[in-house]
Amino acid sequence: MAPLGKHDVAKLPDSAVRNDSFLQRSFVTYTYRMIGRGRTGVLKQDELKMPADQATEVTFMRFQAAWAAEIERAAAAKPGKDGKPIQPSLWKALWKAFGMEFIIAGCWKITWSALVILGAFYFVRSLVSFSNNPARPFVTRTEFNCNKERFNVTSNKIECDNLGPDGKGVGWILASTFFIDSYLVGFALQRLGDCSVRLGIKIRSALMTEVYRKTFRLREQHSQDGANVVSLVATDCAKLYEGVLHFHNVWTAPLESATIIGLLLGLAGIYGLPALAVLFFVLPLQYYFGYRIAVHKSAAAEVSDARVLRMHEILLAIKLVKFYVWERPFAKQVAAVREEEVRLMHKAGFVKTLNLCLVFWTPPVIALVIFGAYVSSVDRLRPEFAFVVLSLFNTLRFPLVVLPKALRGSSEAVAAVRRLNQFLLQAEGMANERAKKVGILMKEAVLVHPSNPKDFTLNVPEFSVEPGQCVVDSTALSTSQVVAVVGRVGVGKSSVLHAILSNMKLQTGSLTVGGNIAYVPQMPWVQNLSLRENILFGLPFDEAKYKEVVHVCALELDMEILPKGDRTLAGERGINLSGGQRQRVCLARAVYHDCDIVLLDNPLSAVDQHTSTHIFNKCIKGVLKEKAVILIAHQLELLPQCDRVAIMDDGKVVYFGPYDPEAMREYLPADTTMHATVEGGESATAKASADEDSHESSGDKREAAAQDALKKVATKEAAKQRKAAEDLALAETPEQIASQFKGTTTQLTSWKAAMVHIRAAGVWLFLFSMFLFAGTQTLRIISDLWIRFWAADTYLLIPKLGKDEGNNQYLFGYLGFVLAFFVLLLSRDLVFEHFKNKAATKLHNDMFDRVLRAPYLLFLRTPVGEILNSFAKDQYIIDEELPDTVHMATIYLMILITSLAIITASIYFYAIMSFVLFFAFWIALRIYLPAATVLKRWSGETATSVFVHVDETLSGIDVIRAFDAVGYFMQENVQRINLHHLAMFNTEMTHLFLAFWCDLLGAILVVVTCLLSVALREELGAAAVGLAISNSIQVLVFFTWVVRGVADSVSRFDAVERITTFATQVPTEDVAIEIAATPKRSGLGSLIRRRKKDVDVVFTGVVAVSAEDDVPGGRVAVEKTKTRQGLWPSSGAIKFEDVCLRYFPGAPLALRHVSFTIADSEKVGVVGRTGSGKTTMLMALFRMFKLAKGRILVDSVDISTLPLELVRSSIAIIPQEPVMFKGTVRSNLDPFGELSDADLWEALSLVSLRKSISEMPGGLDAHVADGGCNFSLGQKQLFCMARCVLKKTRVLVLDEATAAMDLHTDALIQKTIRRVFRERTTITIAHRLDTIIFSDKILTMADGHVIEFDRPSELLSNPDSMFCKLVDDTGPYASATLRAMAVQGPKDEDDKIDVKKTPPLSRRLKSPRHSKEYLEELEEQSATHRNASLSFADSPRSNAMGNAAMSVP
């Protein structure tokens, strides 16, 4: 289907519509071409078709009308007896919309039941009677009892004194009509399946669409758990579909059982009453077992959901998990949940075992009771009576077998409807009407979040923004109005935007919004689409406009770096992009949409100073020059260029008006750099703007100078490129590339996967289980043969021992078989249950262990959704669906084989038909499986697409609503559901194709059996004929079930292939995780013992030596670990020696001959443009990738010789993208549970979080929501910093650690870092130059090379240095301050920081050091450097390089 535009309407295309007649549906003619093309491998997804009434837009309209009518009916109804209003019923709406189709399916089910019972009772009885008496094949029990003198029952035939002419013609007629009955049995079952599938898909598509649309109308949007909505769409709607397929078996099972008992009573009279008693006991027990299974399944599903959610959290934050060496605590958490899940699986499995035993044991028990009662009153057991009873009770096995699954499916469907009903009845919000005038106005507004009105209140006395106007040559032109919103972390800046977006409830005051809105959230939201599709967001592609947007948002270099340019997929939650790239893609989306109002929530936090200036000038003040822009920013140097400023403190707008330095001093104390810029009266952006607008010639000179400098840089770069090209030793051969792990796995073949699965539980256990399957069914057939011997008195026990004694001998023999059958049944099912649980548990643990310890490369090149799917859907298939399918298919196969064997034993000619049957079985699978496998895969892929789209929608619902794209996403949802149901519908049609031919073949086998029985009746005898014909019905039914079972097992075996691939083919890092509970330890690695070359690290207990026992001044002690060489690391010295690194085999080098040395406790700042290798260098330090050349030494020890867990646990990191996990504050700080509360509170104090955490309910045990969504981005970064405080290491790494913080908090944190981490070697990657200006050394990188590495003062004294150019880009006053700061160094290390009381900025500004005159003096002193420096602001090289740092290409 063609991609949708923003204003397109989704519908099933005409090319995908096929409306078949009843005859075409009956013979499934449509599937022949599809299966043929599937078998040859040329089937395309766009060739799939389905009826027009299956289209989602059609079914949804039917349901929507019925649901609206039901809501009106409930609203008009009188309150109930309890006084509560009547609630709309989803059941009634579904019945009104689709009830007639449900009734039609029910009629087909009744037809099937009648035809099966007719064959089992009438035709079996008539054919056996015919074989015994050709002239009188229809001898009734009443006629026999009333005319016993006319019948001789001493032989194996009932002889009548008046046989009449030979009745062979009657036999042919009976056989022919039995063939028709057998064919109609299959036909009715096919029609039932066809109607149920069509109805189920209609209901599923309607409800999936309604649930999706309901999410946009909910009043309390953020109170909804996204996972719950996804579960409703993915799970509950699917359960309702399954319920539709099985519900008819629930209500017809009692009717079928009652009919069979009634026939038995009519056949056996009072001798059938004991059977009735047994059935009255069994049926209620069946329903009870079904209920218990459903209860256990429901509980297990909730636990499984919890496990999958935890895995989702781990996989999305896997880089952080590896940095922190948190594999073990997460392994324990997942293992605990999995243990509970397995426990519930055992419970459900035991009940299923009892239920299956009851199902298969009931027919022989009832036969035993009836035969015992019968022979006690009648001379002997007659064949026509014995085998009719046996046939009826074998038929009774059908409803009893399917009843447990039907009950489970129906009960789950009922529960699903209840949950769906509750969701659809949730209160809906009213959409706020937009004003006609473009702009935003708030007056005395007090707003709260609907989900937690008491937790936060937003107070806005005054706030307004609207596009301005200027008059040029008597013409009014629109101009932009930029309003900046500033404040510290957590004061409610983002809440202002949420109020504008109607996500907050207005309590008092007024709020008016007019015009269309574009919104860039603080946490960037992108879809798993290409970059271009994310930017277009449903709008048509305008090449000129698109290029301009990409340029002003500084995305040009990213398009060049990414492997497929703007066609590169962003990945799930944008995992393939860096944080800065995601943020700029979101900004590009907002700019491309050309809206009246643009809301920007801190979009410049993840970019460097140059890129920030570029975006502000070219985008915010350039392309958006005619828009009303609200900008939340921490770059206070931009404020003078804004029209108005809103300052926030503690949820209130404390100042709103033009930029005012006095207001800034009063409400927002900040650092020296900002005031150097602002107090000077000029900002970096102002300088750039003035240069562009007023000094054309100066711009030309600057451009020329830039070109000269660019040539110098190009010369240096070319030299380094030549050096890299000359290093041919690093080139990898194809053989080397092929032999290494490339981040993706090659899926195992079905045979290898099956062997891995079997070995997981044990080969001998598998063989023993198969032996029990064969032995159980063999014993069941022997018991049927015993009935034949009894009816024919093969052993002549009755003449020898007398009637009573002879019958008793046969009866007790049958009793022994029945009891032994029960023992084998129980053993068979218990052993298989143990086998499947053992295999599933072993495979899950192996997969979990492999994935959690896998190289980081796996997660870069394998989508997270693919891995998570193995832990979710694939694991469920292995836990439940596949074992159940294999279990029943094996039982059916054994029944089929033994039925064929017993028919062949009775009629030797039937051996030929048995061979034909198995040949047909092989042919059917060969024809069916290729197309079915492809369609099943497409069905799974398109289903995942639907669910991913729902999940993406929920995470970005504020963006979607802001862009007025709700309709677009609704139509996209319809289109994706149509694509999914095309694959799903055609998959089910291939099943019907298989059923059609299997049922036809089964009917042919039945008629062949009957014809042979008629032709050979004299040689066979009535008993043999009765046994053959009764088993032919088993062949008719179970042949189809075996083929379907094998096909279902094969289609589900993909799950085994994927899981076994992860469990066996993924290499692992040298990190140990323990699944079982481990004893409490004092160190991170007390359970690991590794020997690597000459270093023997032993984590047995604590070998920790504090560098400072008292921890004076709040400094953090450093923990050292003992090696054979002494305490490691006793020093934080780091040395890179000619390090080269590539991300995966065959990839270009990401680090090229990197060499530098960092002394112990030295502070190093790292700068460079996007893709320069800064973060890659940190990855190398953490051994996230294998080095292609060189080595890294920490404390003079090559880290490649040390255990990986030791290396990573000895380095602390504050990552660029902070992550918090669901749990508590305590578990996020101390997952091992090793630290005291005092330690945790001290760490929170040092990072300014103590107050906010102490105010939360529970304090350290306060709840942390999924992903830490109840904390701001800045607070999450502070949490990561607190983890580093608690992690006593010699080396600390900061990767854009304060990017999302305001300058005041940043200043406090930097002081805290300099004081608390004084003893640590610190490597800081930052875009804010004031963050690294106090570093002992600066390391600049470009294209994987180290460009320069020296003290800041030395680099600043060199006008050609890259760092000097970056400083000059900040503007004259800020650059002067940075130079002075570099020369003088920090003055606050020994100052005591009080996080509760901060000196007012006005007091600090009175010092001469911060005065305007002092800054002007610094400016004069640095004039020489500035004049010699090159401005990269306008050079092509600079524009291309001005992007945020990438984590990974």
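Source: prediction; values computed, not measured. Note that the numbering runs from 1 along the sequence shown for the chain.
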Validation row: [X], [Y] side chains within 4.5 angstrom (heavy atoms):
{"X": "Leu501", "Y": "Leu599", "value": "yes"}
{"X": "Val851", "Y": "Phe859", "value": "yes"}
{"X": "Leu232", "Y": "Cys237", "value": "no"}
{"X": "Arg217", "Y": "Arg213", "value": "yes"}
{"X": "Lys319", "Y": "Met1184", "value": "yes"}
{"X": "Ile615", "Y": "Leu587", "value": "yes"}
{"X": "Tyr968", "Y": "His7", "value": "no"}
{"X": "His498", "Y": "Tyr519", "value": "yes"}

Under a 3.5 Å distance rule, please check whether [X] uses its side chain to pair with a backbone N or O of [Y] as donor and acceptor.
{"X": "Gln522", "Y": "Asp601", "value": "no"}
{"X": "Arg582", "Y": "Pro524", "value": "no"}
{"X": "Lys322", "Y": "Ala854", "value": "yes"}
{"X": "Gln481", "Y": "Val629", "value": "no"}
{"X": "His593", "Y": "Phe963", "value": "no"}
{"X": "Asp1295", "Y": "Ile1325", "value": "no"}
{"X": "Asn503", "Y": "Ala499", "value": "no"}
{"X": "Asn973", "Y": "Phe969", "value": "no"}

Rounded distance [0.5 Å steps], [atom1] in [X] versus [atom2] in [Y]:
{"X": "Leu531", "Y": "Leu555", "atom1": "CG", "atom2": "CG", "result": "7.0 Å"}
{"X": "Leu320", "Y": "Met1220", "atom1": "CG", "atom2": "CE", "result": "11.0 Å"}
{"X": "Leu631", "Y": "Gln641", "atom1": "CG", "atom2": "CD", "result": "12.5 Å"}
{"X": "Tyr212", "Y": "Thr953", "atom1": "OH", "atom2": "OG1", "result": "3.0 Å"}
{"X": "Leu12", "Y": "His981", "atom1": "CG", "atom2": "NE2", "result": "12.0 Å"}
{"X": "Thr56", "Y": "Asn978", "atom1": "OG1", "atom2": "CG", "result": "3.5 Å"}

Locate the shortest heavy-atom distance separating [X] from [Y]; write the atom from each residue and the value.
{"X": "Met208", "Y": "Ile977", "value": "CB-CD1, 3.8 Å"}
{"X": "Phe1185", "Y": "Arg1142", "value": "CB-O, 4.4 Å"}
{"X": "Ala570", "Y": "Gln527", "value": "CB-O, 3.4 Å"}
{"X": "Ser870", "Y": "Arg1058", "value": "OG-CB, 4.1 Å"}
{"X": "Arg584", "Y": "Cys553", "value": "CD-O, 3.2 Å"}
{"X": "Val946", "Y": "His980", "value": "CG2-CB, 4.1 Å"}

**Q.** Residue pair Lys627, Asp594: steps toward the salt bridge (Lys or Arg N to Asp or Glu O under 4.0 Å) verdict
**A.** CA-CA 8 Å; Lys627 313 299 179 184; Asp594 196 27; 2.7 Å; yes
Q: Say whether Asp566 and Tyr546, considering side chains only, have a donor N or O and an acceptor N or O under 3.5 Å apart.
A: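 Note: Asp566 and Tyr546 side chains meet the donor-acceptor criterion.
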Q: Could you tell me whether the side chains of Arg976 and Ser945 share a donor-acceptor contact shorter than 3.5 Å?
A: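 Yes, a side-chain donor-acceptor pair sits under 3.5 Å.
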Q | Test of ring centre spacing under 6.0 Å for His614 and His551 | A |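 Yes: the rings meet the under 6.0 Å criterion.
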**Q.** Evaluation steps, side-chain contact (heavy atoms from CB on, under 4.5 Å), between Met970 and Val974
**A.** CA-CA 6 Å; Met970 287 180 176; Val974 168; 5.8 Å; no
**Q.** Arg310 with Glu313: basic N within carboxylate O range, under 4.0 Å
**A.**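 So Arg310 pairs with Glu313 through a salt bridge.
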Q.
List the residues meeting salt bridge (Lys or Arg N to Asp or Glu O under 4.0 Å) with Arg204, not counting sequence neighbours, and say none if there are none.
A.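 By the salt bridge (Lys or Arg N to Asp or Glu O under 4.0 Å) rule, Arg204 matches no residue at all.
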Q: Could you go through the side-chain contact (heavy atoms from CB on, under 4.5 Å) check for Cys586 and Val520 one step at a time?
A: CA-CA 6 Å; Cys586 292; Val520 178; 3.9 Å; yes
(Q) For a side-chain contact (heavy atoms from CB on, under 4.5 Å) check, start with the C-alpha distance between Asp958 and Trp525, then their side-chain angles and the critical distance, and finish with the verdict. (A) CA-CA 10 Å; Asp958 291 334; Trp525 175 76; over 6 Å; no
Q: State whether the number of non-hydrogen atoms from other residues, nucleotides or ligands found under 6.0 Å of Asp964 atom CG is greater than 12.
A: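 Count not over threshold, so no.
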Mind listing the side-chain donor-acceptor pairs of residues 535-543 below 3.5 Å, one per line with the distance, residues two or more places apart or on another chain?
from, atom 1, to, atom 2, distance (Å)
Asp542, OD1, Ala544, N, 3.3
Asp542, OD1, Lys545, N, 3.3
Glu543, OE2, Lys547, NZ, 3.3

Q: Give the C-alpha distance, both sets of side-chain angles, the deciding distance and a yes or no for side-chain contact (heavy atoms from CB on, under 4.5 Å) between Cys619 and Leu624.
A: CA-CA 6 Å; Cys619 179; Leu624 301 179; 4.3 Å; yes
